[in-house]
Each structure stands twice: as C-alpha cells, then as structure tokens.
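Inspection log for the structure reproduced underneath, given as structure tokens.
Start at 1 and go down the list; that is how both ligands and their atoms are numbered. On a predicted model such as this, the values are computed, not experimentally measured, just so you know.
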Amino acid sequence: MKGVSSRVQEGFTLSHEGGMSHRTVRMAAAFLALVAGTGCATQSPQALVSGDAASKVYVAPGHYDEFYAFLSGGYSGNVSVYGLPSGRMLKIIPVFSQFPENGYGYTQETRAMLQTTYGEIPWDDTHHAELSQTDGVPDGRWLFINGNNTPRIARIDLTRFETDEIIQIPNSAGGHAAPFTTGNSEYVVSATRFSVPIPNTDMPIENFKAGFKGTISFIRADQPGKMDVAFQILMPGYDYDLGHAGKGPSAGWFFFTSYDTEQAYTKLEVNASKNDKDFIAAVNWKLAEQCVKSGKAKTMPTAYAHNYTDEKTRVATSEIKKSVLVLEPSACPGMVYFIPTPKSPHGVDVDPTGEYIVGGGKLATVIPVHSFTKMLKAIADKAFDGELSGIPILKYEAVMAGEVQKPGLGPLHTEFDGKGYAYTSMFISSEVVKWKLGTWEVVDRAPTYYSIGHLMIPGGDSKKPWGNYLLAMNKITKDRYLPTGPELAQSAQLFDISGDRMKLLLDFPTTGEPHYAQALPAAMIRDKQVKFFALANNGNPYAVHSEAEGGIERKGKAVHIKMAAMRSHFTPDNLEGVMVGDTVYFHVTNIDQDWDIVHGFAVLGMHEANLILLPGETRTLKWVPLTAGVYPFYCTDFCSALHQEMQGYIRVSAPGSNVALKANMSDRAKTQEARKGAMTMPAAGEPKGQVK
Ligand code: K7E
Ligand code: CUA
C-alpha cells in the first residue's frame, strides 16, 4: 500500500519546518470539505490535540496501563505488544520470523516452528491479530495471527506471550483473509488472496479464468496443539481479501470480501478495477459443517505442516499432514451466496448486534452496509441476479441496509464502539470517519497522520466493544518524527472516543508495519501470567535439574554438553576434548526459579543467535567450530551483580588429537554429585510465583 499512499501524500506536501504549510492546510481543508460535504469544520493539526491529552495518556512510573494492545508487525513477521493508553511497548512476540533477540527460530527447540512444505522459512508478513473469543467476546486465552506470504496461522498463548503452534494452509497462496474467528473460536478462517491452480501445478498464466481457483479454509482452533484444517470451500478464481464472522443472529455465518471479480491477471491496478461491484461472499459455516458430516466434501491429497510445542519439553515438533476435505459450493446448496458490493471492497466488518455487514469499497464513493435480516429474506425470496459457479448472486438492493454518503475517500476498515456508532478508516483522505448505524449519517471526522490502514477499538469487532479508545495505524509518518534516513517509522495514533467528538491523544511509532490489532482490558490476563517454568516439570531430554547433572558426552562426531546456568555461573564452565569436524550442542538449562531471572548464552564464532533461557527452561545452541583454539562463552543477559563473571571456555583441538573429553564442574556440583539422589531441587531461591 505504500506506493499508492506516497502518491496520495503528494497532496499533503509539508513545509520544511515540519508542520503543514498554510497552503497545504488550506488545500487539505478544501479537499476534506469537498469529500465530506457535511459542513464539519476542519481543524488544524495543532488544534487537534486537546489540552488535557497528556494527562489522559500519562501512566505514572510504576503504574500499569489499562489495556494490552497486540499489533501485527507486518513484514517484521512478529507481533508487538503495547500498553494503552500510554503507547509504551511491552514486548515483541516472535511468530513467523527468526528472532535473534531470544533465539526463536534458531534454537534446536524452536526451529520446527518455522517448518513448512517449502522447507524452513525464517520470515513472513503478519497482518491480522485476532483474540480468541467465547460467546463473541475476546476471552484472553490466545491471540491468532496470520502469515500472509506462505499461508500460515499461529496461536500465541497469552499466559506466556509465546507462539505455541503454527499451521500451514494448503491450497492457498497469500493467507490474507485470516485468521478471523468464530464466536467461540471453534474455527479461525483463512481465505486465499491469490487464486492459483488447485492443486498447484504448472499451467500457462493465461489459463487464469479456467484454471485458477480460490479457497476458504476453516481451521479448527479451540484445542491447543491440535489446530487442523477442518475443511476448505473451493471458490471462483477471485482475490479474497478479508473476512469477519457473524455474531448474535448471524453467528452461523462468515463474510469475506473479494476483488478482481474481473479475473484479470495482468495490470490489476486498472484491469481489476473495472467492475462497478465485486462481492462479499456470505458463507453459512454451520451448513458447511453439516455438508462435511454428511460426506459432501471430497478428500484431496495435499501437504501442509502443523507445528506445535510440547508443554513439558517446550520442544517444537513439525508434522506434515497429507490430505484435506474440500467442499464445492454446488455440492452444498445454500452454503455460499455472493452479495454485490461496490467497488473492490477491502474490509468487511460486522457490527456488535450482528445485523449489519459493512463493506470497505476502497474505490467506492459510499460505505455500503448490508442487512443480515434482508439477506435471509432475499435468500428465501430467491432475489437473485444469476449465479456464478453454483453460487447465487443476491440482488444488491434486496440486501442493502443503507449507504454512508460522502464519507471521504478510500474506505478500508470499520470498527464499532458498541454505542451505535461505526468508525471507518479512510486511506486516501487520511481520516477516521464516525457514522451512525441505522441513519448512516457522518457525525464526526478526524484526520490521521497519514494514510491510515486499519483502526482498532478494544473489542471493536466483537459483540462487546470496550469502546473508549480508538487506535489508528498509519502507513506514512513524514514530518511526524525526527527523520531517520530514507525509511521512516509507521505509527499508531490513539483517539479518545468516549465523547461525541474524537480527540487525538497520542502518536507513537511502531515496529514493522502494523496492519490490524486487537486489545483487551489488562485485568483479564495480567494476573494469569506464568512467572517461571517449574524445573521439576522440565521434560527436555537434555535438561539438567541440578548442577551435578551437567557434563559432556561424545556420540561420534556429535558432542553434547549439558550445562546448568544460574546466578552467576555455568556448570560445567570449562570444556575440553572437542575437535575440528565435530558438531557441538550446548544444551543449557536455566535452573533459577525466579520470575524474570533470565540467562543468555553465546559462544565465539557461532553462526546462530544467542540463547535466551527463561527460568526453568532448556535451549540448545548448535555450534560447529572451524578452527582449533580456545573459545569463550558468556551469559548475554545481565542477570546479577556477577553477571560479567558468568563465562567459560571451550577448547577445540585439531582433528584426530587425543585430548580427553573433560567438563569442569563447580565445587557445588561436586557436592551435589556426592549427595546424588538426595537432591531434587536446586538451592536457587524459593518458587514464588505461578508454576506451569
Ligand atoms: Cu487493510 Cu492486510 Cu488488513 Cu493492511 S490489510 S491496512
Ligand atoms: Cu546469567 Cu548474566
């Protein structure tokens, strides 16, 4: 989207002082008045931050934020966690990208998380964060996030803020319309952005219309470690963009936008923008379930990876699944309908009552809103405009609830405050537009800086929004922050939406490029955080439960070192007997049992990232020394006053030399050795927190 927006931003040229020049402010005002047509006064940027904004986002040192916000990281492949309203960044959760900061995707325990049928992939593009739900409301169990490039969906556990599970989506190319959830997280969905041959085989691209298809996948998601593609619906060869589940009366349905119903495969910018209307696909997933149960789906051979982490060993496993159930719409009549929607729609959002389905026609001059009640009636009345691939097309007028007139330019995404209002992001006119459900009138608009993509109200896509804040996520920030060379940060802007008018409170840069985000009240998960892993439950085959269990062992050319890390030493700390040509595995266990007492591990010349060892956890670094010598290793996390003493050496000898394997144990380990059997727990502090 960046390309489009930079062109759009030409209209907002900025003066060298940083603020908008008078001329551009006038131009922008005229532009906004033109597209708004509501007579809303356009304010200058300076006036938009009200005097008490600072106090509203000020969270005093030592105090907690009211909300956790989870922002997708876009092309960083990760998720970042911020506190709201302060905008303070709390954590980056690695998901689809290797993360050298803690070794995720490098260590022997975590590499399997990044396995796919394309091999091990160290990167992806995350777009949509989605909290798990119970009865249509975020419940704080998990966060799901999609990998857009190599279609995958990840599950993040919110007691540990860790990625536990990743499932690849077969028969898919571009997992963009994902991972939106049904009301009890029975399923999360993934629809393919790019249509491709299914199964994907060599074919001339000009066979697009005849040979390329789309899929909508329903992935079972309510059992940790057991995500599975329950079924896929084979769709016409369009681009499927976004989705949202129905709720309340529409709870058994799912809605997906599509574009390129022209089925162009060259110069889409022009050729996929010809039709006046594309479609929102309404999918009756309850009916789809029944059709699958009654044997209407076909088993298709395919391959996709399912990666999950064992709770006890904390070691990831990757398995390849070999088939998937595919449903053709014609085999399950009544399962899919097309709702015409102007024009190349992007977002599709369902209001908290479940009645209104809002499209975001990025080239449309209106915001189209469909009615679920009318949709059911149109289906009953067979108010169809023909059909495509066995999918009836409903009459636009028969389903339309209303259109928001002159909302601005480039409507993308809509969220709800639960008080009867909707807020739509307008990419081209760079603003949030607030409008009233039912009357469709625009009641307020607020500029964003600049080129807003998604917006997010905590719970704003659920049945019960916590509707006092709105977060805009912006693509362009020129002039907003100190410049940093050719590439500038993306940003988030926080608005107070508790009153009639939106008030800009805060503007903060983000990591990666956030697309969607989710947030929930901190109180829902704050006290459920795991503080450390009980060493006694550590099931890693190379774990040590006390210093005495440390040591070195040769298995052919592989040398395994079991090592304990605790404040402030490693046991063993000096190692000999390794030769060039060996592959060394450092299995390091943090035997400290205290919240946030973390150790790190790195060795000179290693080709992987450092290990970060959470209390009670074992991680493994693979190291292949290339030359003889003595190599130091050290703790990379400043863990104690004597952190800098937390170090050791490994001696590497020439191939074939007769240096004996040797591991230098601490005096304490030797005492433990002598008392072997009596020792069950290390004397490293009393467990204080919650043990998992
Ligand atoms: Cu609009 Cu990928 Cu949800 Cu970006 S998407 S903004
Ligand atoms: Cu352990 Cu620093």
Taking 2.8 Å as the cut-off, does an N/O/S atom of His128 lie below it from atom 2 (Cu) of ligand 1?
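His128 does not place any N, O or S atom closer than 2.8 Å to atom 2 (Cu) of ligand 1.
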His176 and His128 aromatic ring geometry - parallel, tilted or perpendicular at 30°/60° bounds:
perpendicular
His454 neighbourhood, listing ligand 1 atoms whose heavy-atom distance to it stays under 4.0 Å
1 (Cu), 3 (Cu), 5 (S), 6 (S)
What atoms of ligand 1 come within less than 4.0 Å of a heavy atom belonging to Gly453?
6 (S)
Geometry at atom 1 (Cu) of ligand 2 - Met646 SD versus His599 ND1 angle, rounded to 10 degrees:
100°
Looking just at side-chain N and O atoms, do [X] and [Y] make a donor-acceptor pair shorter than 3.5 Å?
X: Ser568; Y: His643; answer: no
X: Asn538; Y: Thr618; answer: yes
X: Glu547; Y: Thr571; answer: yes
X: Asp573; Y: Asn664; answer: yes

Heavy-atom gap Leu242 to ligand 1 smaller than 4.0 Å
yes
For atom 6 (S) of ligand 1, which candidate among His127, Arg193, Lys362, Lys475 provides the closest heavy atom?
Lys475
Name the one of Tyr240, Tyr259, Phe255, Phe338 that satisfies ring pair (Phe, Tyr, Trp, His ring centres under 6.0 Å) with Phe279?
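Option passing the ring pair (Phe, Tyr, Trp, His ring centres under 6.0 Å) with Phe279: Phe338.
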Is any N, O or S atom of His643 under 2.8 Å away from atom 1 (Cu) of ligand 2?
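His643 does not place any N, O or S atom closer than 2.8 Å to atom 1 (Cu) of ligand 2.
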Suppose we only count N/O/S atoms under 2.8 Å; would His515 qualify as near atom 1 (Cu) of ligand 1?
no
From atom 1 (Cu) of ligand 1 out to just under 2.8 Å, does an N/O/S atom of His346 turn up?
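An N, O or S atom of His346 is closer than 2.8 Å to atom 1 (Cu) of ligand 1, so yes.
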Closest to atom 1 (Cu) of ligand 1, which N/O/S atom of His413 is it?
NE2
Does the structure place the NZ or CZ of Arg619 under 6.0 Å from the centre of the six-membered ring of Phe601, at an angle of no more than 45° from the ring's axis?
no
